Amino acid sequence: MAIKRAYLDYQSTTPLDERVLSAMLPFLTTKFGNPHSAEHNYGWEAEAALDVAREQVSTVINGQPESVTFLSGATEANNLALKGAMERLGHDKPNLVTVATEHKCVLEAAQYCASQGYGLTVLPVQQNGLLDLNVLEDAVTGETAIVSVMAVNNEIGVIQPLKQIGAICHAKGALFHTDAAQAFGKIPLDVEAMNIDLMSISGHKVYGPKGVGALYCRPGNGAVIAPQMHGGGQENGLRAGTQAPALVAGLGKAAAICAAEMAQEEGRLRGLMARLKRELASVLPAMRVNGDEDSRWVGNLNVCFPDLDGDRLFADIRGLAVSSGAACASAVAEPSYVLDAIGVDKKDAKASFRIGIGRMTTDEEIDFAIEKISQAIRNQGVGA
Ligand SMILES: *Cc1c(COP(=O)(O)O)cnc(C)c1O
């Protein structure tokens with residue numbers, strides 16, 4: 001039977017892997033203890049779940065388990081990293097450096113720091129979405145406390161040169177933070193080899209549950225972050241509040257599955273994405289890819305169909321869950337600031353959209369997407 005809808009918006013969120021759900025269930029039922037209860041078995045078994053997850057998460061990035069702090073998601077991790085670093089280091093090093101194409105939560109947290117009197121530099125990117133290392137080199141000084149550059153962009157999928165960025169930060173004595181919500185578990189990451197001090201991770205981008213994430217603080221540098229949530233001293237005092245063992249166990253299991261299946265999954269997605277791209281380009285040869293064509297996560301395709309009416313295209317592809325080039329803020333659809341930052345004009349941004357594929361994406365869903373989009377293009381009297 002032909003399918004009637006397809007979810008191709010994996011950068012927005014991912015479905016929960018059933019194996020992850022199984023790992024979570026005991027902590028929602030019988031193993032309900034508080035991991036902070038040190039006096040009895042109920043507490044111990046919950047705490048043991050956190051330990052297992054810390055090991056699973058840290059293994060994926062070649063980190064130390066005790067340097068993983070569990071919290072509510074990448075938004076919180078990014079806030080903690082930036083505000084926590086500025087609070088602790090800002091007296092001597094009052095500046096923060098980030099990039100125009102970061103996720104809103106990094107940009108807003110950085111703006112908050114600026115409102116508290118710290119210096120903020122927001123760097124531009126090149127037309128391919130990648131940071132120019134010379135521009136970074138010029139911007140980072142001995143007064144820079146922390147530099148925040150995301151690993152894989154959530155809109156255009158480009159992979160930043162993390163290792164080189166980290167090397168520049170360290171040469172200037174600045175911490176390097178990366179928002180790896182879209183990269184963790186998908187591309188190889190190594191906090192040691194890549195000079196990464198702080199890394200933000202999200203559960204629901206890697207087939208885990210929503211409402212959980214982690215901040216990795218590389219040993220020696222973790223102490224420089226000031227907690228932003230005060231209370232019972234959980235997570236080594238870095239994030240107070242009773243941890244959620246079910247969510248954390250889910251994140252751990254999700255990380256372990258990603259690590260075990262990363263290479264194989266990447267290969268499969270590469271094939272699906274190549275077919276999708278080829279077929280769409282054959283319908284409309286003027287199609288352009290937004291963001292670098294090589295340094296990108298294979299599960300992301302952000303394309304522009306020049307001269308197409310984006311609103312009409314969207315109306316015609318109902319049933320196909322993809323994301324538009326216009327991020328809806330209030331009633332007015334403003335073109336994406338990320339596309340703006342790579343020089344895509346308003347008109348082309350409106351004719352752009354993002355397709356995200358992942359673990360559960362089937363051949364049939366790719367067929368469905370090709371059929372829907374091709375038809376929508378033909379409806380506008382263009383395309384082959
Ligand atoms: C999804 C996402 C976030 C926010 O993560 P949450 O866990 O939903 O708070 C931050 N940064 C990037 C790059 C993301 O893709």
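Position 1 is the first residue of the sequence, and the numbers go up from there. Whatever order the structure lists ligands and atoms in, that order sets their numbers, starting from 1. The structure displayed is predicted, hence computed values, not measured ones.
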**Study point:** For Ala181, the ligand 1 atoms whose distance to one of its heavy atoms is below 4.0 Å
**Key:** 2 (C), 11 (N), 12 (C), 13 (C), 14 (C), 15 (O)

Study note, to complete from the structure: for atom 13 (C) of ligand 1, nearest protein heavy atom and its distance come out as Asp179 OD2, 3.3 Å

Practice item. Give me the one residue out of Glu192, Met199, Gln64 that meets side chain to side chain contact (heavy atoms under 4.5 Å, CB included) with Arg218. Key: Glu192

Exercise for review: Could you pull out, from Lys205, Glu102, Gln11, the option with a heavy atom nearest to atom 2 (C) of ligand 1?
Suggested key: Lys205

Point to revise | Partner set under ring pair (Phe, Tyr, Trp, His ring centres under 6.0 Å) for Tyr42, not counting sequence neighbours | key: Phe32, His40

Exercise for review: Please state which part of Ala74 comes within less than 4.0 Å of ligand 1, counting heavy atoms only: side chain, backbone, both or neither.
Suggested key: both

Check your understanding: When you measure from atom 7 (O) of ligand 1 to every protein heavy atom, which one gives the shortest distance, and what is it?
Key -> Ser202 OG, 2.7 Å

Check your understanding: Tell me the salt bridge (Lys or Arg N to Asp or Glu O under 4.0 Å) pairs involving residues 35-58, sequence neighbours left out?
Key -> Arg54-Glu235

Point to revise | Pairwise side-chain contact, Leu89 with Ile146, heavy-atom cut-off 4.5 Å (strictly under) | key: no

Check your understanding: Are Asp340 and Lys346 within salt-bridge range, i.e. N to O under 4.0 Å?
Key -> no

Review point. Hey, is Lys210 touching ligand 1 through its side chain, its backbone, both or neither, going by heavy atoms under 4.0 Å?
Key: neither

Exercise for review: Could you tell me whether Met150 approaches ligand 1 through its side chain, its backbone, both or neither, with non-hydrogen atoms closer than 4.0 Å?
Suggested key: side chain

Check your understanding: When you check the gap from the basic side-chain N to the acidic O, do Asp363 and Arg275 get nearer than 4.0 Å?
Key -> yes

Check your understanding: N/O to N/O below 3.5 Å, does that happen between His204 and ligand 1?
Key -> yes

Review point. Who's the nearest protein heavy-atom neighbour of atom 9 (O) of ligand 1, and how far?
Key: Thr75 OG1, 2.6 Å

Review point. Taking atom OH of Tyr7 as the centre, does the number of heavy atoms from other residues, nucleotides or ligands within less than 6.0 Å exceed 12?
Key: yes

